S.K.: 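Below: one structure in structure tokens.
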Amino acid sequence: MSILSAEDRNRLIVAATEAKEFSYSPYSRFRVGAALLSTDGKIIKGANIENASYGGAICAERTAIVKAASEGIRSFVGLAVTSDVASSIAPCGICRQVLREFCALDMPVLLVPADYPQPGAEGDGGILDTTLEGLLPHSFGPEHLELPRQS
């Protein structure tokens, strides 16, 4: 598993919390912020952006990955996600698959509760510390497209 330094963990948590402030969620009122750390140390933030058609909404995690990829940043070493909920929330299935396109399976994913740090919480103040593979086991990725096929 890839390890994030304490400094990078803190940078991600702060950036995800800041990103949440720019959520556009007038329908669900469920603000989410995400922050990706690129291999060159850059932080890319994303917030969920809703739409009156509902299906046109985009999650915070996909906002961050699309912003990064559209600027040529396509290699990442960490992700933090937070909301206004006092427990950790995980990315939806679509976000997990989009992250799988650009991120290593052992990339650390920090699921940060809104009330971080939780007083008296075991370990890391209530953060659920996982990996992309932990979120998306037995995943399908770009490398599977190169596997030999039977005729």
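Numbering starts at 1 and runs along the sequence shown. Just so we're clear, the structure is a prediction, and the values are computed from it rather than from any experiment.
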S.K.: Which residues satisfy the side-chain hydrogen bond (donor to acceptor under 3.5 Å, both in side chains) test with Ser25, sequence neighbours excluded?
M.R.: Ser23

S.K.: Using side-chain hydrogen bond (donor to acceptor under 3.5 Å, both in side chains) as the criterion, list what pairs up with Ser75, not counting sequence neighbours.
M.R.: none

S.K.: Side-chain polar contacts of residues 57-66 - donor-acceptor pairs under 3.5 angstrom, sequence neighbours left out - could you list them?
M.R.:
from	atom 1	to	atom 2	distance (Å)
Thr63	OG1	Ala47	O	3.0
Thr63	OG1	Cys59	O	3.0

S.K.: List the residues meeting side-chain contact (heavy atoms from CB on, under 4.5 Å) with Pro142, not counting sequence neighbours, and say none if there are none.
M.R.: Arg100, Glu101

S.K.: By the rule that ILVMFWY residues connect when side-chain heavy atoms come within less than 4.5 angstrom, directly or transitively, which residues belong alongside Leu147?
M.R.: none

S.K.: What pairs with Glu71 under side-chain contact (heavy atoms from CB on, under 4.5 Å), at least two apart in sequence or on another chain?
M.R.: none

S.K.: State which residues pass side-chain contact (heavy atoms from CB on, under 4.5 Å) with Phe140; sequence neighbours excluded, sorted by chain then number.
M.R.: His144, Leu145

S.K.: Would a distance-only check, ignoring hydrogens and angles, find a side-chain to backbone donor-acceptor pair under 3.5 Å from Thr82 to Ala16?
M.R.: no

S.K.: Output all residues satisfying side-chain hydrogen bond (donor to acceptor under 3.5 Å, both in side chains) with Ser70, sequence neighbours left out; order by chain, then residue number.
M.R.: none

S.K.: With sequence neighbours left out, which residue pairs that include part of residues 85-109 fulfil the ring pair (Phe, Tyr, Trp, His ring centres under 6.0 Å) condition?
M.R.: none

S.K.: Under the salt bridge (Lys or Arg N to Asp or Glu O under 4.0 Å) definition, can you give me all pairs with a residue in residues 10-26, not counting sequence neighbours?
M.R.: Asp8-Arg11, Glu18-Lys45, Lys20-Asp84, Glu21-Arg31

S.K.: Hey, what do you get for CD1 (Ile13) to CG (Leu4), rounding to the nearest 0.5 Å?
M.R.: 9.5 Å

S.K.: Linking I/L/V/M/F/W/Y whenever their side-chain heavy atoms sit closer than 4.5 Å, directly or via other members, would Leu36 and Ile49 fall into one cluster?
M.R.: no

S.K.: Report the distance from atom CG of Leu79 to atom SG of Cys103, rounding to the nearest 0.5 Å.
M.R.: 7.0 Å

S.K.: Same cluster or not: Ile94 versus Leu99, using hydrophobic residues (I, L, V, M, F, W, Y) connected whenever any side-chain heavy atoms lie under 4.5 Å apart?
M.R.: yes

S.K.: Could you tell me which residues satisfy side-chain contact (heavy atoms from CB on, under 4.5 Å) with Ile89, sequence neighbours excluded, listed by chain and number?
M.R.: Phe30, Val32, Ser83, Val85

S.K.: Run the ring pair (Phe, Tyr, Trp, His ring centres under 6.0 Å) test against Tyr27 and tell me which residues pass, sequence neighbours left out.
M.R.: Tyr54

